[in-house]
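Each chain gets a letter, A, B and so on, in the order its sequence line appears, and its residues count up from 1.
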Amino acid sequence: MKQIIAEILMPLALDKPYSYVVPAHISLAEGDVVLAPLGVRETFGVVWRLFEGDPAKLKPISKRVDAPNFSENLRKFLDWIAWYTLAPRGSCLALALRPPELDRVDNIRLGVRLAGPPPARMTAARQRVLEAAEGGMLHTKRALADMAAVSTSVIDGLIDEGTLETLAMAPPPIADEPKPDFAVPELSPEQKKAADYLRAEVTKAKASVTLLEGVTGSGKTEVYFEAVAEAIARGKQTLILLPEIALTAQFLDRFSRRFGVRPSTWHSGVGGRKRERLYAATASGEARVIAGARSALFLPFKELGLIVVDEEHEAAYKQEDGVHYHARDMAVVRGRIEQCPVILASATPSIETRVNAERGRYGRVHLPERFGGRILPKITPIDLRKNQPLAGRWLSEPLLNAIRETVAAGEQALLFLNRRGYAPLTLCRSCGHRYECPNCSTWLVEHKYRRALVCHHCGHVERRPDNCIECGTVDSLTSCGPGVERIAEEVAEIFPDVRRIVLSSDMPGGTERMRQELEAVAAGEFPIVIGTQLVAKGHNFPGMTLVGVIDADVGLTSGDPRASERTFQLLQQVTGRAGRGERAGRALVQTYQPEHPVISALISGDADRFYREESRVREYAVLPPFGRLAALIVTAREREAAEAHARLLARSSQPPAGVMVLGPAEAPLFQLRGRYRYRLLVKTERAVQIQAYLREWIERTEKPKGNVRVTIDIDPQSFF
DNA sequence: AGCACGCCGACT
DNA sequence: GTCGGCGTGCTC
């Protein structure tokens, strides 16, 4: 006998849905959430497919759950992610499925309002309560008491008298309606042009990707807010993705100044009841604009009209455990599936996004200047070969002079060095022993004030010994190279009377202390600030007229294929901090290699050229005769296997020029039934050829059971 | 993800 | 002799 069979996908590490029979009394649609027996327990799952067939000995579904339906688009999106990342489909479902609480108790809040005649005994306190309750509005007890400046017992008394009554309050609206015309800003001609372009994309309601590029202060946010306004006006929902740290009160305030209300926010910190209601409000369409971290990508939007990915180059968009994905790429894909435009906003776009824009795959709008007349700082290199600081010193004469001038003028100088601690290396003068981490074989970083040697990789800490642990020589340890603490020490020697502060992520006292210190810096309390990359982002320091980069070469030598790109972005951000009001600041960049592409691009301000060069270099790196093969691995424990595999490759009949084994961060190479999958970074005409070669090679040497898929790509859209 | 089964080390 | 560690494998 034929019956209705449902294929249910469970939010577990299972790639395939399981089949159940649908009992006659349950009516189901594809995308519905159900409860079904699995092993000895019951599990939530989503109906992935319904069909008629022979129930054989299938177990029946337990019940249909009252939860938002997974639209066809959402299911398609999750299937796509599973395919692209090679993660089990169930794991991808787990990103989107909130286990519904079956027996949820609506914790109804009680409200009070005016109901009867005034009390027989009137007092001053009671009078104030009655005035506050004027109009018959429903208030919570607490709110009414606060308004009348009385304690809640006065209100209790009035309830007993029958003057006030209590009744259940509707839960507060989870999502206020943003008003697209609340405060329409005045835009510069360039901003207007960009905003018009983006508005037009929203109006078309078709899949598109646009890179919105503009330096800090150029008004990117105001511009994309216009696109958001257009989406709101058209009754569509908007998703604004932000790196988790950027979800600050500052952003929310900015939004509410433009739209009159704060957007709904979604991030890992939103929990419990609120999370559940926001989820439902997204599905019903009640939530018009969601600002969220990467997990917001998986919300069940009803009618998505626009996705904005702010700071698209941020590494925080990479999900590194469980399902590996890059939220920016997934946003592009979701836009494609939902047929809505995607805006990628950044002052320093990632290479792949730039390349996609340059090749015409993505549209591009550019905001060339700072809004409000702010001028970009003048950036000057200091060639350390010609201006060598004294031994054990790190500040060159030109930089010292600039600091002197700045301090004398009552302005602020920022000395930037992206290295925490006192010295990156400690060694013994007598035997040459280097102090390395027992777990990571990286150098231990000296932290002088903590009298410790710390591994910045794994967190390992040990006491800094007085005598060498290797040869026992007394007082023989020497600190090599500078960290911010050491720069602070030098500053203290040269400018003993000037207040200074070190800002780095290991500041004791937690976020509260950090917030206070940042405010003090912004208020101009410290003429000299020494900081790590922490100072490059977010916080604005209005009195900063000088930025000194202590060592621009830090980070250029690491084996990371993104080293150049990251360094360029970081230096561009940090030098951009210089300037006050309409006055341009200056940035002095100490370097041993002023002709290095990163440094010269930074100094000339020619970002375009840098990115063009860099993408060419990268393309070369993966091109034949199979240039470098990027073997990308998933987990640390698979690294060894991948490296062994890479060595094998190197000995093959057509060896690659080199093999890069990257961490899981860049793009996923996942284990496929015990085999590895490779992904190259750049798509070219040779891609198909390389792909075929690799497939053949892998089959010859590895004899994998499943299909070997080799994907070569930088634009996720090209995978459709 | 749970929860079974299962195979080796320290205990009442 | 059992209790219990977590490695491996399965769940329609």
Can you list, in residue-number order, the parts of residues 6-22 of chain A that come under 4.0 Å of DNA chain C, counting heavy atoms only?
A:Leu14, A:Tyr18, A:Ser19, A:Tyr20

Name all residues meeting the side-chain hydrogen bond (donor to acceptor under 3.5 Å, both in side chains) criterion together with [X]; count only those two or more places apart in sequence or in a different chain, and write none if there are none.
X: A:Arg288; value: none
X: A:Asn73; value: A:Glu338
X: A:Gln569; value: none

Go through the side-chain N and O atoms of A:Tyr317 and A:Asp329 and say whether any donor and acceptor fall under 3.5 Å apart.
no

What pairs with A:Arg513 under side chain to side chain contact (heavy atoms under 4.5 Å, CB included), at least two apart in sequence or on another chain?
A:Met507, A:Pro508, A:Glu517

Using the test side chain to side chain contact (heavy atoms under 4.5 Å, CB included), find all partners of A:Leu14 that sit at least two apart in sequence or belong to another chain.
A:Met10, A:Leu12, A:Tyr18

Restricting to pairs with a member in residues 26-53 of chain A, which pass salt bridge (Lys or Arg N to Asp or Glu O under 4.0 Å), not counting sequence neighbours?
A:Glu7-A:Arg49, A:Glu30-A:Arg75, A:Asp32-A:Arg64

Residue pairs fulfilling side-chain hydrogen bond (donor to acceptor under 3.5 Å, both in side chains) with at least one residue in residues 87-96 of chain A, sequence neighbours excluded
A:Asp79-A:Arg89

Distance under 4.0 Å to a non-hydrogen atom of chain A counts as contact; along DNA chain B, which nucleotides mark the start and end?
B:dA1 to B:dC3

Nt span of DNA chain C in reach of chain A heavy atoms at under 4.0 Å, 5' end first, is C:dT11 to C:dC12

Quick one: which residue pairs count as a ring pair (Phe, Tyr, Trp, His ring centres under 6.0 Å) with a foot in residues 281-304 of chain A, not counting sequence neighbours?
A:Phe77-A:Phe298, A:Phe298-A:Tyr325

Those residues that, when tested against A:His313, pass ring pair (Phe, Tyr, Trp, His ring centres under 6.0 Å) (two or more places apart)
none

